[in-house]
Each structure stands twice: as C-alpha cells, then as structure tokens.
Asks: 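Structure incoming, see below.
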Amino acid sequence: MRLKFAFFAADSKHEDKGVRQLRFQELRDTGGAVLVQGLHPAIAVVAANAGARAGAVAALVDAGGCKVVRAGDLDEELALASRAAAEEHEARLSEKRDQVAGAERALAEAADAAVKAVHEAARGASDLARFEDLADRLASAEEGYEAAVRAEAEAARSLAASLSELDHVLDQRRSASASLDQARSSRDNRGVPEAVVQQAVNVQAALASAEAAKNQAVEQADEYYQGARAAAREALAALQEAHSSLSQSLVSTGSPDPGWGPGIPLPGLVANHRDQLAARLSAAGSAETSAKGAEAAARSRLESQQQELAALESAGVPELDPLEVALQWADAQEVAREDAVVADDAFRGFGPEGVAALVTTFSERGCQVIYLTEDPSVLSWAIGLPSQAGAATTVGTSRSHRFALISS
C-alpha cells in the first residue's frame, strides 16, 4: 500500500503578521478514503486513539515540512530547567556567602576603626584634662610666686626702713655723745652748768633706749625678710617644677611643640595651646561618632546579609512552574510560518489549560498546529474556539495500519 501526500494551497486568511500558510488539509488512506478532513489552518485538534496518532505522526514526518513535538522534548526541557534552577540557586548561595564574608570583613574593619576612634577620643580627653590640671597648677604656682616676690619686696622695704631709722638714731647718738663730751670738758673747766651736762646725759640715755628698740625692730624686719625670701625661693622652685611637669607632659603625650620658647610661658600661650587640645578632642569625638555609626551600619548590613542567606538556604531550590517552563520553551522554538507543528498528545502532562496555552503559543507564531489527542477536555476546548482560531476533527475508521496526508 503506497502512501501519498498532498499539500494544500495557502489559505486566503490574512493576519497581522501576514498571510497564514496552510501546510496540511486532509489525511487519506491509499484507497482514497478520507480519514481526516478539513484540518484548520491555525489550530487543528484531531481526536484519535494511540495507534491512529502514531500513524498520523509518521505520515506527517514522511511528508516533511513539519516540526514534531514529543512529550520527551518537554521532559528534557524541564530537566534542563531544574538543573539550571539548582545551579542558579547554588550560584546565588555562593554569591550570598561571599557577600556575608565581605560584610563580616567590613564589620571587623569598622569595629577596629571604632576602637581606635574611641581610644583617640579617650586619649584626647585625658590629654586635655591633664594639661588643664597642670596649667592650673602652673597658674597657681605663678600667682604664689608673684605673691612671694611681693612679700619679699615688702619685707625688704620694711627692713630698709628699720635700718634707716636705726642709722638715724645712731647718728643722733653720735651727735649727743659729742655734745656730752664737750659739756663734760667744759664742766671740768667750770664753764658749763651741771644741769646742761645732766640734760646731755638724759638725751644719751633716751637715744640708747631708742637704739635698742630700733635694733630689735631691725632684727624683726630681718627675720621677716629672711622668711619672705625663703618663701620666694620655695615659690620659685614650685613654679619651676610646675613648668617642668607641664613641659614633660607635652612631650609624653606627643603634642607638637607649642613654641613657647625658654622660661615660663605667658598665660595667653598656655590658653592658646589648651584651645588646640580642645579642638583636637572635638575632632576625635566627631570621628568616634562617625566610626560608631559606620560600625552600626556594617553590623546592620551583615545581619541583613545573614538573614538573606538563611532565607535562601531555608527556601532551597525554587520550584519551577512546569507550564511556564514549557511556554518559554515553546516561544523559543524556531518554526517557519509555512511549516506545521505536530504533537501526539505531547502536552497532556500540563492538563487541558496547559495544552490550550502551549497550542496557542505555537499558533501565534503564524504556523499550523496539529494536535492529536483523546482528551475530551482538550477536544471540548478546540470545539469552542472561534472559527477563525481553530477547530476539532476526528480520524475516521480504516483497516489500514498506515496513513497518508493528501494535499490538494
């Protein structure tokens, strides 16, 4: 029994993408009996049992100009998609683990920077507090030294005044002594009355008493002066010690040379350096705040990355929608508009709605779709299609085990 195939001429139906080509119209046996008639140029759903479907597909393959879609093609595509999804999931896990590791490194660096910033701020506060304490000590020592110098000067002036008064009394004694000696000499010569001599003696006695009082005053003034002088020396030593402590503190804290020059610095220079330390402390405080903020942000990013990683690991490989995979596969197939797509119930695994979606996807490419099935739901769907979209038909009974597609 010979098989012959005929090709139907192009349909006159025009679509947006151009003229739809009708590849196959009828299926006849060798005796001329029509087994399938009126295949729709767009979607032709043919009701046929397994044997009839196998023969029809074989006949279509022999005729050429068609793409046969088998269930195994979709199974393979689903397997590929599953492997790709698993590989993509593993790649995402690997990328997320790298991001977590990077976030951990960033947090460690931020934490280290925060520790250093805290240390610098604490050091700045300590340096400022120590400088202020030593500066106050220097100012107090300087005030004490100035007071001691003034006290020494006052004591010196008091001693000088007492000595001057003592010298004046001594001068008076010398004058009184000379007058008394003269009076005695004149008395011996009977020229000076006794009363005059006695008066000179009384003056001598009064001056002697005054001299003794002045000597005592000088001794007291000298004692005060010596005490004030010792206090001034002690105040100077305290001032020098305070200055030395302040200078050594600047060296130990690594502060830059304030440029005070030799000797005790003026209060304005000390205050200026204090302002510089305060400014450095303020900058260190700002750096500490910024570093702690960066650490908190890095910690938040790490927690977020860890949560995302845990969510990925918990979710596992995402479940694929088999129909979505099949539709993407169908949309990617290369089918010429003048060819036909033939499927022997290849889409049955997707249910009636899936079959409708896949058949429609191929049909939208502008080619003829011949779908062979026994599924009443699919046949019902095809029967309900608009006349311009598709139709259902049935393979007739034949004793032949082979089929021939006849074209006009």
Side-chain angles (χ1 to χ4, degrees), residues 1 3-15 19-71 330 335 337-348 350-408:
M1 184 186 302
L3 300 175
K4 65 176 182 176
F5 304 88
F7 300 93
F8 191 69
D11 190 8
S12 60
K13 177 68 178 178
H14 288 71
E15 297 184 346
V19 178
R20 178 181 291 276
Q21 302 292 329
L22 176 60
R23 181 65 180 174
F24 301 105
Q25 180 188 26
E26 294 180 346
L27 171 63
R28 298 174 183 268
D29 63 11
T30 54
V34 176
L35 300 178
V36 180
Q37 188 178 30
L39 293 176
H40 196 280
I43 298 175
V45 178
V46 181
N49 59 29
R53 294 199 305 271
V57 170
L60 288 166
V61 172
D62 289 342
C66 65
K67 177 179 179 63
V68 179
V69 177
R70 306 182 187 280
V335 182
R337 290 171 56 83
E338 62 272 14
D339 289 342
V341 174
V342 180
D344 177 6
D345 210 10
F347 307 149
R348 61 184 176 275
F350 302 98
E353 293 183 358
V355 172
L358 288 165
V359 169
T360 301
T361 298
F362 276 111
S363 176
E364 288 174 346
R365 306 286 294 279
C367 59
Q368 184 184 27
V369 182
I370 302 174
Y371 190 76
L372 305 159
T373 183
E374 288 182 289
D375 190 335
S377 298
V378 176
L379 292 169
S380 177
W381 165 75
I383 292 171
L385 287 173
S387 59
Q388 70 273 19
T393 187
T394 304
V395 172
T397 303
S398 174
R399 291 173 295 178
S400 174
H401 296 292
R402 302 184 68 186
F403 299 85
L405 288 175
I406 307 300
S407 64
S408 58

Asks: Just by distance, do the side chain of H40 and the backbone of T393 share a donor-acceptor pair under 3.5 Å?
Replies: no

Asks: Shortest non-hydrogen contact from G390 to L385?
Replies: O-CB, 3.7 Å

Asks: E374: which residues meet the salt bridge (Lys or Arg N to Asp or Glu O under 4.0 Å) condition with it, sequence neighbours left out?
Replies: R53

Asks: Can you tell me how far apart OG (S363) and CG (L358) are? Round to the nearest 0.5 Å.
Replies: 12.5 Å

Asks: Kindly compute the distance separating CD1 (I43) from CD (Q388), expressed to the nearest 0.5 Å.
Replies: 10.5 Å

Asks: Under the side chain to side chain donor-acceptor pair (under 3.5 Å) test, which residues partner D345, sequence neighbours left out?
Replies: Y371, T373

Asks: Taking all non-hydrogen atoms of both residues into account, name the closest pair between V378 and P352 and its distance.
Replies: CG2-CA, 4.1 Å

Asks: Where is the tightest heavy-atom contact between F347 and V355, given as atom of each residue plus distance?
Replies: O-CG2, 3.2 Å

Asks: Using modelled atom types and a 3.5 Å cut-off, is there a donor and acceptor pairing between side-chain atoms of T361 and backbone atoms of A357?
Replies: yes

Asks: How close do A71 and A346 get, counting heavy atoms only, and between which atoms?
Replies: N-CB, 3.5 Å

Asks: Do L39 and I370 have side chains that get closer than 4.5 Å, going by heavy atoms?
Replies: yes

Asks: For A54 and D344, which heavy atoms make the closest approach, and how far apart are they?
Replies: N-OD2, 4.3 Å

